[in-house]
Amino acid sequence: MKVLVTGGAGFIGSTVCSALLDAGHTPVILDNLVTGREAFTEGRIFYRGDIADGALLDRIFAEHPDITATVNCAALIVVPESVAQPLRYYRENVAKTIDFLSHLGRNGCRRMVFSSTAALYGASEDFSVDEDSALEPSSPYSRTKVMMEQILADCVATGELDVISLRYFNPIGADPKMRTGLQLRYPSHALGRMIQCWENGEAFQITGVDWPTRDGSGIRDYIHVWDLAAAHVAALEKFDEVMAATPDRYRVMNLGSGEGTTVRELLDAFAAVTGEKLPAVETAPRPGDVVGAFARSRHARALLGWAPRFTVEDGVRHALQWRTLDNAAHAA
């Protein structure tokens with residue numbers, strides 16, 4: 001099949017494209033390169049532009065009338081940045097996606113796999129959440145995803161769109177074949193900051209140590225990005241089967257490892273891979289930080305036959321391998 005992948009030059013989008021290619025499908029990438037890397041599109045069908053550009057979308061569908069589905073990975077995703085720049089996040093993640101939906105409808109593309117987030121969940125007593133858990137978005141970023149899920153559900157109710165919304169937990173790692181990885185040199189998430197501290201000989205900051213977890217640090221569900229990409233391929237290949245089992249044609253699925261890892265435990269995994277303990281200091285939570293959660297991914301397992309294959313240590317190892325290659329490329 002041929003699939004339009006918006007945000008296909010980013011970390012997750014580019015890995016989804018690699019997984020699609022490996023499975024014999026053809027991704028068509030649309031990315032404005034605000035955060036994506038053009039190098040991640042080499043050898044692939046690529047259009048540089050914005051998802052709100054109707055003329056460009058019409059051109060893409062005219063040149064590729066055999067596109068049968070869309071994977072929408074285009075979004076801004078940094079929680080503290082969304083707190084500082086809420087209007088930018090609502091504009092990019094909501095307003096422009098509404099325009100994009102109009103362009104898809106005009107071109108008759110009704111199958112969508114939407115990139116959502118686990119950040120929209122509230123904390124449960126045991127920190128695990130399933131697709132029916134309460135939604136308590138705590139940042140402008142997570143609120144943009146809740147808004148878009150509501151908008152998509154309303155669009156589905158018109159009969160013009162079918163949607164699988166994938167609620168990502170915390171992606172780590174890189175393409176195991178090292179074709180792509182983190183596109184940002186200085187990411188804000190925990191593993192990215194650990195790698196920077198390790199390279200620079202600095203202490204890692206544990207942001208928040210009074211959370212009600214087993215060791216006081218925040219808890220997350222770290223899922224390898226290749227497992228995440230494999231779930232997208234399965235969602236596309238089984239899309240019609242999933243819709244046949246979904247009366248309202250809108251299906252939400254969690255994508256996580258199913259295990260909670262605290263920040264201190266991630267530090268232990270990092271030490272196990274590198275062979276050395278990374279020094280750490282305790283600080284206050286960042287704006288928008290929450291205690292965290294981990295997934296019960298029952299729908300993805302039941303409907304897609306999907307289960308994660310990689311461990312947290314695999315994710316750390318692949319992230320470090322990618323960082324070494326990326327550093328060498330920037331030094332060349």
Identify, with sequence neighbours excluded, every residue that meets ring pair (Phe, Tyr, Trp, His ring centres under 6.0 Å) alongside H318. H224, F310
Hey, are the side chains of [X] and [Y] touching, using non-hydrogen atoms and a 4.5 Å cut-off?
X: V281; Y: I206; answer: no
X: E265; Y: R214; answer: yes
X: P285; Y: W211; answer: yes
X: T70; Y: L104; answer: yes
X: E276; Y: W198; answer: yes

Using salt bridge (Lys or Arg N to Asp or Glu O under 4.0 Å) as the criterion, list what pairs up with E160, not counting sequence neighbours.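 Once residues adjacent in sequence are excluded, E160 has no partner under the salt bridge (Lys or Arg N to Asp or Glu O under 4.0 Å) criterion.
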With sequence neighbours excluded, tell me which residues meet side-chain hydrogen bond (donor to acceptor under 3.5 Å, both in side chains) with R59.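 Listed in chain order: E63.
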Answer with yes or no whether the side chains of [Y] and [X] bring together a donor and an acceptor at under 3.5 Å.
X: D215; Y: T262; answer: yes
X: N72; Y: T6; answer: yes
X: S257; Y: D221; answer: yes
X: E81; Y: Y89; answer: yes

Under 3.5 Å, side chain of [X] to main-chain N/O of [Y], donor-acceptor pair present?
X: S82; Y: P86; result: no
X: T97; Y: F100; result: no
X: N200; Y: Q196; result: yes
X: S142; Y: L120; result: no
X: T158; Y: D154; result: no
X: D31; Y: R48; result: no
X: R251; Y: I164; result: no
X: S297; Y: N254; result: yes
X: W322; Y: P176; result: no
X: N107; Y: H103; result: yes

Quick one: are the ring centres of H189 and F11 less than 6.0 Å apart? no
Salt-bridge present ([X], [Y]; N to O < 4.0 Å):
X: D132; Y: R296; answer: no
X: D99; Y: K96; answer: no
X: R167; Y: E131; answer: no
X: R111; Y: D240; answer: yes
X: D314; Y: R309; answer: no
X: R264; Y: E282; answer: yes

Tested for side-chain contact (heavy atoms from CB on, under 4.5 Å) against P27, the lone hit among L21, V71, V3 is L21
Rounded to the nearest 0.5 angstrom, the CD1-CZ distance for I67 and F61 is 5.0 Å
Give a yes or no on whether V94 and L57 share a hydrophobic cluster (residues Ile, Leu, Val, Met, Phe, Trp, Tyr; joining criterion: side-chain heavy atoms under 4.5 Å apart).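 Yes: a chain of side-chain contacts under 4.5 Å links V94 to L57.
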